[in-house]
There are 2 protein chains.
Amino acid sequence: MTGKPENSNNISKIEQQLRSQLESMYQLAVSVDCVIFGYDDEDLKVLVIESDMPKYKGMLSLPGYLVDPDTDLEEAAQIVLKDRTGLSDLYMEQVMAFGERDRHPLGRVITIAYYSLVEINKFQPPSDQKNKPQWLSLNQVNELAFDHKKILETCLQRLRLRLQEQPLGFNLLPDKFSLKQLQRLYESVLGIELDKRNFRRKLKSLDVLIDLGEFQKAVSNRPAKLYKFDLEKYNAKKKKGMFMNF
Amino acid sequence: MTGKPENSNNISKIEQQLRSQLESMYQLAVSVDCVIFGYDDEDLKVLVIESDMPKYKGMLSLPGYLVDPDTDLEEAAQIVLKDRTGLSDLYMEQVMAFGERDRHPLGRVITIAYYSLVEINKFQPPSDQKNKPQWLSLNQVNELAFDHKKILETCLQRLRLRLQEQPLGFNLLPDKFSLKQLQRLYESVLGIELDKRNFRRKLKSLDVLIDLGEFQKAVSNRPAKLYKFDLEKYNAKKKKGMFMNF
DNA sequence: TAGACAAAGTGTTAAAGTGACACTAATATA
DNA sequence: TATATTAGTGTCACTTTAACACTTTGTCTA
C-alpha cells in the first residue's frame, strides 16, 4: 500500500526538498495545512491523506504545502485546495499559526492553518490517487499525524463560531436544499439539537433564503420545499451581523 | 534623533541578521509582531516604536522579533513583550499570520501577529530608550510601517470580539476600579456609548465582581465604590460563555 | 384505491433579556 | 451652608427565546 514505487518517489522528493530547506542556514520552514470540510447529510467530514513522513508513515494527516518564498500565504492555501480537490474559489479562512518547536520531526516547520468549505459532491477522491485522500467523519477521527488533531479542533471551533454569526452553512450544501437539511447541518456542526419550529422561525426572520417553489423528488414521504441562498440580500444585510444564537 | 551612534549600531545589527537569513538558501523568515494594548482612563493605546528599516526609517511600527529555529512561536511573542515592557505573564493571544509576498522590503518575511493587554501604569516607556517606544492613542494612529496598520486593525477587531464574550477588560485596568471606569473602557474599545444603568445591571448579572467596600479617594465629588475582578468565580462559569451583547 | 406510514409544515404562550428613560445621594469646594 | 459634580438606583414596554403537539401531503402496499 505505502510501498508503491510511484508513492515512494513522491515521498522522497517532498522529503528531500524539505530536508534541504531545513539544512540551509536559517533552518526554518513554513507550511500551510488545510482543513477541508465537507458534509454529506449525516456528518461533518474532513479530507485527510496518508502521511509521507517517515515518523508518521501511513497515519492520516491534513493536506499541506511547503510555502516557497515566491508564493503568498493565501495563494499557498489555495494551491493545496486546488491540488487536492481540483476546486477553487471556495470559502476559505485562515485560522492561526502553529509554531511549537518540536511539532515537526524533520526540523523547525511553522505551519499556518486554513479551513475551507466544500460541497462534498463536488469532490469524490479517486481511489487510486497517491496519499489516498479520503473523507473522514469528524467523529471517527482518532489520532492524526503531527499536531494535526489540534489544528483540526481549532479549525472546527472557528467554523462553529462563524456558523453562528454568518450563514456559512450554504457552502457545505448543494445549491438547492431543504430546511431540514440546513437544520441537520447546523446540528451536526454545532453538536446540539435544535427545535424545528424555532429554527424555521429564525431563518425566516434572517430573510436570506429564496423559496424556489420546487420540491424534493424520489422521497417516500411528503417532499420538502427547496430553497437557495440569497447572496445579494445577504451581502446587503451582512454588516449588521446575523446571529444564530443557538 | 535617528542618527544616534548607538541607534545606528542597532539598526545595522538587526538588519544584517535579517539579511543573512534572507540570503540563505530558503530565503524565508518568520517574525512575530505584537500589538500591546494599554488603556489610560481615556483612550485605548498601543505601544509603538520607531522603525529601523531603511525604507521606513523613523516611521512608527509595532514591536516585533525575528523567530529563530530554537524558539517556540508563543515564546517569541513573550520575548517581545518582556523586552519592550519588562512585563510577563500577561494576557496574550495569537491573532493570525500575515504573509503577503511583498509585505517586507528586505525579502520574504511572514509574520505572526499577537496582541496583549497591559495595565498601562505598569509600563511607562523611558524617554531615552532606543526606538523610542511610546503609547499612541488608537485614534491618533495614522500610517504605520510595513503592513502594521492592517495588523493593528485586525488585532483590534479581535479584541473587540473577545471583549464581548469574555470579561477581558480587567487586564487593562488597575486591580481596583470603579464601574464607571469599566464602562468607559468598554465604550472606548468598542467605540459605542452605553447606558449606565443597563451596563450595571448586566455586570451585576454576570456576577464576577467583588465589591471591595472601598471608595475612590481625592475626587471632588461623590467617590465611587471600588471593585475587583473575581477570577475564581469567572473560571467556574467561563465554560458557559459570558456574553456582553452590546 | 383506501389505509398506513413518514416526514413536512405550522402558532401560541410564558419567561428572559434588552433598551429607554430621570431622579436622589454623597462628597468636595467655594 | 449652598453649589457643583459625579455615583447610584428601578420600572415599563418591547423583543427575543424556549418549550411544546397536531395537521398536511405525499408514497407505498395490501
Side-chain angles (χ1 to χ4, degrees), chain A residues 40-42 163-165 167 173-174 176-188 190-228 237 240-246, chain B residues 40-42 163-167 169 173-174 176-188 190-228 237 240-246:
Chain A
D40 75 349
D41 259 26
E42 278 300 328
L163 199 59
Q164 287 184 289
E165 56 185 35
L173 291 176
K176 302 175 179 186
F177 52 87
S178 70
L179 292 178
K180 185 63 177 294
Q181 278 179 292
L182 188 58
Q183 181 180 341
R184 283 243 287 274
L185 168 64
Y186 272 85
E187 290 178 328
S188 49
L190 299 178
I192 54 179
E193 292 219 328
L194 297 172
D195 178 271
K196 181 162 63 160
R197 282 175 287 192
N198 293 341
F199 180 79
R200 283 160 189 245
R201 172 161 36 91
K202 183 72 177 194
L203 252 113
K204 196 167 286 177
S205 82
L206 290 184
D207 190 31
V208 288
L209 293 188
I210 296 172
D211 181 341
L212 292 169
E214 291 175 54
F215 293 85
Q216 282 183 317
K217 278 174 185 146
V219 287
S220 73
N221 49 45
R222 177 173 178 180
K225 262 193 192 173
L226 295 178
Y227 294 83
K228 69 170 194 173
K237 300 179 174 195
K240 313 221 167 207
M242 307 186 61
F243 294 96
M244 308 282 280
N245 297 316
F246 300 129
Chain B
D40 75 347
D41 261 25
E42 278 300 327
L163 199 58
Q164 288 183 288
E165 56 186 34
Q166 290 167 36
L173 290 176
K176 303 175 178 186
F177 53 86
S178 70
L179 292 176
K180 186 60 179 294
Q181 276 179 295
L182 188 58
Q183 181 180 342
R184 283 244 287 274
L185 168 64
Y186 272 85
E187 289 178 329
S188 49
L190 299 177
I192 55 179
E193 291 218 331
L194 298 172
D195 178 89
K196 180 162 63 161
R197 282 176 289 191
N198 294 341
F199 180 79
R200 283 162 188 244
R201 178 179 29 166
K202 184 72 177 192
L203 252 114
K204 196 167 288 179
S205 83
L206 291 184
D207 190 29
V208 288
L209 292 188
I210 296 172
D211 181 341
L212 291 169
E214 292 175 55
F215 292 85
Q216 283 182 316
K217 279 173 185 147
V219 288
S220 73
N221 51 45
R222 178 174 176 179
K225 261 193 191 171
L226 295 178
Y227 294 83
K228 71 170 192 173
K237 299 179 175 199
K240 313 222 166 205
M242 307 186 61
F243 293 96
M244 309 282 283
N245 297 316
F246 299 129

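Sequence lines set the chain letters: A, B, ... in the order given, protein chains first and strands last, and positions in each chain run from 1.
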task: For the residue pair B/Leu173 and B/Tyr227, establish whether any side-chain heavy-atom pair is separated by less than 4.5 Å.
output: no

task: To the nearest Å, give me how far apart CG (B/Leu206) and P (C/dG17) are.
output: 11 Å

query: Tell me: NZ of A/Lys180 to P of D/dT24, nearest whole Å?
result: 20 Å

message: With hydrogens left out and only the distance checked, is there a donor-acceptor pair under 3.5 Å joining B/Arg197's side chain and the base of D/dA7?
response: no

- request: For DNA chain C, determine which residues of residues 213-226 of chain B have any heavy atom closer than 4.0 angstrom to one of its atoms, and list them numerically.
  value: B/Val219, B/Ser220, B/Asn221, B/Arg222, B/Pro223

task: Specify the separation, in whole Å, of atom CG of A/Leu179 and atom C1' of C/dA7.
output: 13 Å

message: Could you measure the distance from the CG atom of B/Leu203 to the CG atom of B/Asn198? Nearest 0.5 Å is fine.
response: 12.0 Å

query: Mapping B/Tyr227 and A/Asp195 to their closest nucleotides on DNA chain D, which lands nearer the 5' end?
result: B/Tyr227

message: Output the rounded distance in Å from NZ (B/Lys204) to P (C/dG17).
response: 16 Å

message: Nearest to the side chain of B/Arg200, heavy atoms from C-beta on, is which of C/dT10, C/dG19, D/dG8?
response: D/dG8

Heavy-atom donor-acceptor pair, B/Arg201 side-chain to C/dG19 base, under 3.5 Å: yes

task: Write down the distance between NZ (B/Lys196) and P (D/dG10), rounded to a whole number of angstrom.
output: 13 Å

- request: Round to a whole Å and report the spacing from CG of A/Leu194 to C1' of D/dT17.
  value: 13 Å

- prompt: Taking atom CZ of A/Phe199 and atom CG of A/Leu182, what is their separation to the nearest 0.5 Å?
  reply: 4.0 Å

statement: Nearest heavy-atom approach of B/Lys225 to B/Phe215 is CG-CE2, 3.5 Å

task: Please round to the nearest 0.5 Å and tell me the distance separating atom NZ of A/Lys176 and atom CD of A/Gln181.
output: 12.5 Å

Minimum heavy-atom distance B/Gln183-B/Leu194, with the two atoms named: NE2-O, 2.9 Å

- request: Quickly work out the B/Gln181 CD to D/dT6 C1' distance and round it to whole Å.
  value: 13 Å

query: Does the side chain of B/Arg222 reach to within under 4.5 Å of the side chain of B/Gln216, using non-hydrogen atoms?
result: no

- request: In whole angstrom, give the distance that lies between atom CG of A/Asn198 and atom C1' of C/dG9.
  value: 14 Å

task: Give a yes/no on whether any side-chain N or O of B/Lys202 is located under 4.0 angstrom from OP1 or OP2 of C/dT18.
output: yes

